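One structure is given here, and the rest of the page talks about it.
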2 protein chains.
Amino acid sequence: MKRTRYKEIETLLKVKIQHGVLKVGDYLPSENELCTNFSITRTTVRKALDNLLKEGYIEKQHGKGSLVKERRHSLGLLNVKGFSEAVGMIVNTIFLQEPAKREWSTTTSFRPSENELKANNLHFERLRCVGDDPVMLENNWFADLELKNFIGQEFVEGSFFKTLSQRYLIEITGSEQELRAEYADERTAGYLKIEPGAPILHISVKFHTNKSNLNIYSELYCNTMKYPIGNSYHL
Amino acid sequence: MKRTRYKEIETLLKVKIQHGVLKVGDYLPSENELCTNFSITRTTVRKALDNLLKEGYIEKQHGKGSLVKERRHSLGLLNVKGFSEAVGMIVNTIFLQEPAKREWSTTTSFRPSENELKANNLHFERLRCVGDDPVMLENNWFADLELKNFIGQEFVEGSFFKTLSQRYLIEITGSEQELRAEYADERTAGYLKIEPGAPILHISVKFHTNKSNLNIYSELYCNTMKYPIGNSYHL
DNA sequence: AAAAATAACTTGTACGTACAAGTGGATGTT
DNA sequence: AACATCCACTTGTACGTACAAGTTATTTTT
């Protein structure tokens with residue numbers, strides 16, 4: 001991934017927030033202070049802050065400053081971030097199917113392109129739990145393009161997206177989603193420990209990446225009884 | 001609402017896209033062309049394009065240009081925009097309860113602040129249909145602060161948010177959402193024309209506005225069988 | 001004919017400047 | 001004591017410039 005000045009400051013501040021150096025309610029240094037501290041211009045500082053705003057880390061107040069925001073504790077609706085970043089609780093992950101070459105699923109909401117269908121396909125399935133409670137059944141498909149040694153390797157910090165970013169320089173640039181409330185089928189209900197026929201939230205996602213050939217297709221089945229899916233948006 | 005140069009161009013381009021003057025796949029004029037056409041700097045043009053990108057109207061290609069994007073036809077998940085803007089189909093709206101002063105609901109996921117609870121509360125309930133199909137039952141609550149003559153007036157173009165913007169200069173600045181799959185209760189099922197107990201998507205939203213006292217609390221119940229809820233996100 | 005360099009476009013990053021506008025405390029006036 | 005003004009801070013908008021970097025067609029070289 002290309003390194004830029006604004007990304008540097010963005011991640012630097014993000015890490016400080018994540019590690020509690022900057023606590024909820026704290027004001028960040030003013031834009032001018034950040035300018036002098038890091039020897040950059042306000043344009044660049046503001047670009048970094050804009051991104052933090054977009055991701056819900058901070059809140060801006062005209063005339064006052066930028067302060068660290070409370071991020072919601074419910075499972076964040078995965079706009080770009082992965083599951084593990086979005087949750088403020090201990091997440092356990094169980095692989096039901098390890099990454100391997102498999103056929104493209106015929107049941108995804110978003111249809112892969114011709115090129116993707118021609119290529120080999122990688123797939124894996126995981127069960128995500130909060131503590132001991134299974135809350136989400138996750139299936140991922142994507143075309144096998146230049147991802148050397150993907151199969152068999154451990155994920156970086158257990159995160160698929162961190163693995164893509166750090167090992168293959170692949171970044172998520174956007175997503176499309178479709179949400180449905182459905183009856184749980186038997187298999188899904190079994191893994192999520194609910195009765196078959198109970199309502200579950202079905203999320204279909206197509207993630208776009210900086211490699212224009214590569215998209216990631218995810219089908220998520222969530223038990224929202226205990227842990228509703230949440231997200232937030234800021235101008 | 002304060003008028004700014006970038007907002008001018010943003011809405012101008014948005015209208016052209018919405019009215020089909022700029023079609024899906026068309027390239028917008030280059031940033032430099034927009035600069036000269038509207039006598040503004042590239043900084044301002046880029047700010048406008050950034051907003052269009054964020055709202056999913058366009059897609060940017062480094063070295064090539066910005067082109068109009070296909071917006072998904074499913075009901076857009078209302079991040080900031082209202083229902084009627086987000087749907088590419090004919091939407092009919094039936095008021096089940098006209099706007100009036102009513103008690104705060106006790107069942108909202110997001111709890112109003114003390115100040116809001118002390119104030120009078122306005123409420124209305126609508127049934128949103130695509131053609132003849134009812135797809136969403138919508139309840140809205142908000143504190144009655146300085147909203148003169150809200151009751152009894154027609155909405156601007158049938159849109160609650162447009163009414164807030166144009167008549168009261170109130171703009172949505174962000175939102176928090178919680179999503180749940182639930183069993184439909186009898187009343188909801190009746191209006192949505194589904195069997196009681198069928199799975200429905202329950203969306204709780206707290207909209208933030210530029211008036212710090214004013215938030216809008218919405219509870220949406222969606223029949224996602226025919227029309228899944230969709231949204232998209234772009235970096 | 002194929003490959004490499006070039007030129008002319010595009011968007012992306014970053015610099016610097018100026019003033020508008022919101023906030024809150026200090027200061028002065030009534 | 002209450003109110004108005006001012007000042008020093010903050011973020012918001014908009015100007016202008018420069019160069020990096022991706023894309024594409026043309027030209028030159030091999």
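Proteins get letters first, then strands, A, B, ... in listed order; numbering begins at 1 in each. Fair warning: this is a prediction, and the values are worked out from it, not measured in the lab.
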Practice task
Under 4.0 Å between any heavy atoms, over every strand shown, what does B/T41 touch: base, sugar-phosphate, or nothing? Just pick one.
Solution key: base

Practice task
Name all residues meeting the side-chain hydrogen bond (donor to acceptor under 3.5 Å, both in side chains) criterion together with B/T43; count only those two or more places apart in sequence or in a different chain, and write none if there are none.
Solution key: none

Handout entry: salt bridge (charged side-chain N to carboxylate O under 4.0 Å, His left out) against B/E31, all qualifying residues, sequence neighbours excluded
Key = B/R42, B/R46, B/K60

Every protein N/O within reach of nucleotides 24-26 of chain C N/O, cut-off under 3.5 Å:
| residue | atom | partner | partner atom | Å |
| --- | --- | --- | --- | --- |
| C/dG24 | OP1 | A/K64 | NZ | 3.1 |

Handout entry: Which residues share a side-chain hydrogen bond (donor to acceptor under 3.5 Å, both in side chains) with A/T106, sequence neighbours left out
Key = none

Practice task
Strictly below 4.0 Å, heavy-atom distances to any atom of DNA chain D: list the hits from residues 23-30 of chain A, or just say none.
Solution key: A/S30

Practice task
Please list, chain by chain and in numerical order, all residues satisfying side chain to side chain contact (heavy atoms under 4.5 Å, CB included) with B/K118, sequence neighbours excluded.
Solution key: B/N115

Exercise for the section: Please identify each residue that fulfils side chain to side chain contact (heavy atoms under 4.5 Å, CB included) with B/Q61, with sequence neighbours left out. Expected result: B/Y27, B/E59, B/K64, B/L67

Problem - For B/T4, side-chain hydrogen bond (donor to acceptor under 3.5 Å, both in side chains) partners two or more places apart - result: none

Exercise for the section: Identify, with sequence neighbours excluded, every residue that meets side chain to side chain contact (heavy atoms under 4.5 Å, CB included) alongside B/A48. Expected result: B/Y6, B/I9, B/E10

Exercise for the section: Give one of base, sugar-phosphate or nothing for B/T43, where a contact means two heavy atoms less than 4.0 Å apart. Expected result: base

Exercise for the section: For atom NZ of A/K14, decide whether the heavy atoms of other residues, nucleotides or ligands shown that lie under 6.0 angstrom number more than 12. Expected result: yes

Exercise for the section: Would you mind telling me which residue lines up with the more 5' stretch of DNA chain C, B/Q61 or A/T4, judged by nearest nucleotide? Expected result: B/Q61

Practice task
Using the test salt bridge (charged side-chain N to carboxylate O under 4.0 Å, His left out), find all partners of B/E138 that sit at least two apart in sequence or belong to another chain.
Solution key: B/R126, B/R128

Problem - Outermost nucleotides of DNA chain D that come under 4.0 Å of a non-hydrogen atom of chain A - result: D/dT10 to D/dT13

Practice task
For A/R5 and for A/R42, locate the closest nucleotide of DNA chain C by heavy-atom distance; then report the residue assigned to the nucleotide nearer the 5' terminus.
Solution key: A/R5

Practice task
Please name all residues satisfying side chain to side chain contact (heavy atoms under 4.5 Å, CB included) with B/E125, sequence neighbours left out, ordered by chain then number.
Solution key: B/L96, B/Q97, B/H123, B/L137, B/N139, B/R187

